**Q** 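My questions will all concern the structure given below.
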There are 2 protein chains.
Amino acid sequence: MAKETYSIGEISKKTGVSIRTLHFYDEKGLLQPEKHPTSGHRIYSEEDIKTLHQIMTLKFLGFSLDKIGGMLKERNFHMGLIDSLRMQAKKLEEDKERIEIALATIKRTIALLESEGEVDSNILMSIISSMQTEKEQREWAEKYFDKNVVEQIFEISEEEKLEWEKASVKFYKQVKSLAGRPADDADVQHMLREFFSAIAVVLDTESLREFVKVGNLTEEDSRKIEEEIDRFVPNPLTKEETEWLEQVMDSFLEKYDINEFLSKSK
Amino acid sequence: MAKETYSIGEISKKTGVSIRTLHFYDEKGLLQPEKHPTSGHRIYSEEDIKTLHQIMTLKFLGFSLDKIGGMLKERNFHMGLIDSLRMQAKKLEEDKERIEIALATIKRTIALLESEGEVDSNILMSIISSMQTEKEQREWAEKYFDKNVVEQIFEISEEEKLEWEKASVKFYKQVKSLAGRPADDADVQHMLREFFSAIAVVLDTESLREFVKVGNLTEEDSRKIEEEIDRFVPNPLTKEETEWLEQVMDSFLEKYDINEFLSKSK
DNA sequence: CCTTGAACCTACAGCTACGTTAGGTTGTAT
DNA sequence: ATACAACCTAACGTAGCTGTAGGTTCAAGG
């Protein structure tokens with residue numbers, strides 16, 4: 001017959017739980033084995049092993065050691081446990097969603113970096129947090145814009161998203177290098193032309209018109225919107241760059257009809 | 001022109017980051033705004049807001065504040081970042097898998113509890129950790145058994161899994177209440193009959209034969225196997241119950257042919 | 001019997017990413 | 001002048017451990 005007691009080292013090897021952690025569980029009152037009366041060495045029984053297994057299991061399900069301590073006291077698991085499990089499941093679902101978003105974001109960022117090489121950290125961060133808050137952005141956008149427009153913007157394919165992000169990076173890069181030049185500079189004109197073409201990929205004419213309407217809001221309203229956007233998407237441009245961009249864009253839109261670029265891209 | 005500096009309270013409201021956290025980031029050197037020379041109040045610039053956004057973003061991707069601190073020092077994000085991102089993605093994938101297993105386990109446990117009511121904690125824990133370690137079990141099983149058999153056991157539907165777990169709970173419950181009775185007791189015979197019928201649902205005749213072979217291993221080998229099984233699935237039965245079960249099962253298998261139960265269930 | 005080394009003990013410090021509380025100062029409105 | 005909000009520093013608390021120091025116990029070899 002096999003021996004019925006184990007030293008802390010044996011338990012550690014058997015279960016993979018570190019000795020220090022076993023000490024810790026003892027301290028916390030979760031698992032308190034007998035102690036040898038003279039040496040003080042801990043003596044684990046088969047029962048103790050089962051308790052340890054329960055601790056590991058409940059920990060795996062995400063319960064706190066505190067709760068586990070409470071659960072271990074109860075001999076049987078009854079319906080009350082179901083509630084705990086449901087709550088735990090909810091928590092895990094949330095964690096999972098966050099992880100999924102982070103993962104998708106990382107993957108897109110890698111793709112972006114691989115195709116674009118070195119990227120200014122402000123630009124990259126702006127794009128990353130825009131990916132990250134896509135869901136909130138969408139909910140927010142639905143308050144201000146027509147549902148169909150919003151749907152069109154957000155329900156594009158992964159490749160289209162990547163293309164759009166690449167275009168954004170290029171655009172921001174150019175804004176940063178061209179800022180200060182006159183509105184009729186050839187490079188500036190070229191940049192804006194490219195930008196509107198990129199937009200055309202994700203938006204059709206009518207949607208774009210709807211979208212441009214934002215420009216015609218009251219000062220008050222557009223300031224509010226800007227503030228709210230700022231909350232989740234930091235602008236990668238400096239104040240000077242932003243002002244310059246607004247100016248050259250205005251004069252560009254005065255001269256040309258947006259439809260030109262739309263039809264070109266189709 | 002809007003003001004270009006903000007107090008800590010304004011920043012907190014704008015970004016949702018608590019004041020304490022901002023203090024903390026200051027302490028850690030992550031975000032150190034100017035300080036008013038006399039009052040000592042922190043003065044955040046637009047630049048600081050961008051830095052804060054970067055911190056939030058990188059935190060969302062799962063990086064530690066320490067790493068973030070290092071990243072913030074670098075002006076541009078180059079190829080080194082891709083490695084970090086890949087590693088982070090790997091970590092997140094692992095987290096995600098653990099969560100998914102935990103979620104599946106919880107859902108099955110809820111289903112089990114709902115259909116069985118109160119369950120002895122030892123039994124429930126045994127079943128939960130068996131769900132939890134399904135993957136390892138499978139890998140382990142493939143070392144000892146024929147691949148086809150293993151595949152058959154593990155690739156059953158969710159309902160079948162639930163049925164099997166229900167049967168297990170019932171079986172263990174009965175073992176615990178009948179332990180000590182003679183092998184020819186009617187209830188004992190009935191229990192064993194039910195048990196083999198339940199097995200038949202997940203295994204066909206040939207597979208079962210293969211499986212039963214384990215009983216014919218050397219002492220040495222079967223002890224080893226038991227030890228390894230113990231590592232992830234604690235036995236819900238006491239030593240006495242286990243011994244009793246082995247005994248009545250042996251005498252049961254001597255009397256009857258396994259095929260009887262298999263054909264009955266089909 | 002003595003020594004060596006592994007295994008064990010207690011006790012305290014440290015980690016992450018903050019939250020909480022205490023006690024004091026500054027800024028602003030009335 | 002006074003109230004009160006907003007800010008400051010400093011220190012302790014949290015979860016779930018890990019690490020280290022300094023000392024004891026146990027088993028084996030010489």
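Every chain is numbered from 1, with letters handed out A, B, ... down the list of sequences. Keep in mind the model is a prediction, meaning the values are calculated, not measured.
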**Q** Take atom NZ in A:K170; do more than 12 heavy atoms of anything else shown fall under 6.0 Å from it?
**A**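 No - once you tally the heavy atoms of other residues, nucleotides and ligands closer than 6.0 Å, there are 12 at most.
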**Q** Taking OH from A:Y6 and P from C:dA7, how many angstroms apart are they, rounded to a whole number?
**A**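 The distance from OH of A:Y6 to P of C:dA7 comes to 18 Å, rounded to the nearest Å.
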**Q** To the nearest angstrom, how far is B:L65 atom CG from C:dC15 atom P?
**A** 14 Å
**Q** Does a nitrogen or oxygen in the side chain of A:R20 sit under 4.0 Å from OP1 or OP2 of C:dC15?
**A**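 False: A:R20 side-chain N/O out of range (4.0 Å or more) of C:dC15 OP1/OP2.
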**Q** Would you say D:dT18 has OP1 or OP2 under 4.0 Å from some side-chain N or O of A:T21?
**A**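 Looking at the OP1 and OP2 atoms of D:dT18, one of them is under 4.0 Å from a side-chain N or O of A:T21.
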**Q** May I have the distance from A:L58 (atom CG) to D:dA15 (atom P), rounded to whole angstrom?
**A** 17 Å
**Q** Separation of B:I19 atom CD1 from D:dA6 atom C1', in whole Å?
**A**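 In whole Å, D:dA6 C1' lies 8 Å from B:I19 CD1.
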**Q** Salt bridge check: are A:E241 and A:K176 linked by an N-O gap of less than 4.0 Å?
**A** yes
**Q** In terms of side-chain geometry, is the basic nitrogen of B:K96 or A:E100 positioned less than 4.0 Å from the acidic oxygen of its partner?
**A**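 Salt bridge present between B:K96 and A:E100.
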**Q** If you pin B:S39 and A:S39 to their nearest nucleotides in DNA chain D, which one's is more 5'?
**A** B:S39
**Q** Whether B:Y25 contacts C:dC18 is assessed here as follows: a side-chain N or O lying under 4.0 Å from the phosphate OP1 or OP2. Is that the case?
**A** yes
**Q** Between P on C:dA17 and CD1 on B:I55, what's the gap in Å once rounded to a whole number?
**A** 12 Å
**Q** Could you state the CD1-P distance from A:I8 to C:dA7, rounded to the nearest angstrom?
**A** 13 Å
**Q** Closer to the 5' end of DNA chain C via nearest nucleotide, is it B:H41 or B:D66?
**A**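 Going by which nucleotide is closer to the 5' end, it is B:D66.
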**Q** Do B:D48 and B:Q32 have side-chain N/O donor and acceptor atoms under 3.5 Å apart?
**A** no
**Q** According to a strict under-4.0 Å criterion, is B:K59 in side-chain N/O contact with OP1 or OP2 of C:dT16?
**A** no
**Q** Just checking A:K67: base, sugar-phosphate only, or nothing, at a heavy-atom cut-off of under 4.0 Å?
**A** nothing
**Q** Output yes when at least one side-chain N/O atom of A:H23 is less than 4.0 Å from OP1 or OP2 of C:dC9, else no.
**A** yes
**Q** Regarding A:H36 and A:R42, do their side chains bring together a donor and an acceptor under 3.5 Å, going by distance alone?
**A**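 Distance-only check fails for A:H36 and A:R42.
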**Q** Under 4.0 Å between a side-chain N/O of A:T38 and OP1 or OP2 of D:dT25, yes or no?
**A** no
**Q** At less than 4.0 Å, is any side-chain N or O atom of A:R42 found next to OP1 or OP2 of C:dC8? Yes or no.
**A**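 A:R42 to C:dC8 OP1/OP2: no side-chain N or O under 4.0 Å.
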**Q** What is the distance, rounded to the nearest whole Å, between atom NZ of B:K35 and atom C1' of D:dT9?
**A** 9 Å
**Q** Can you find a side chain N or O atom of A:S18 that sits less than 4.0 Å from OP1 or OP2 on D:dT18?
**A** yes
**Q** Give the rounded distance in Å between these two atoms: CG of A:D26 and C1' of C:dT10.
**A** 12 Å
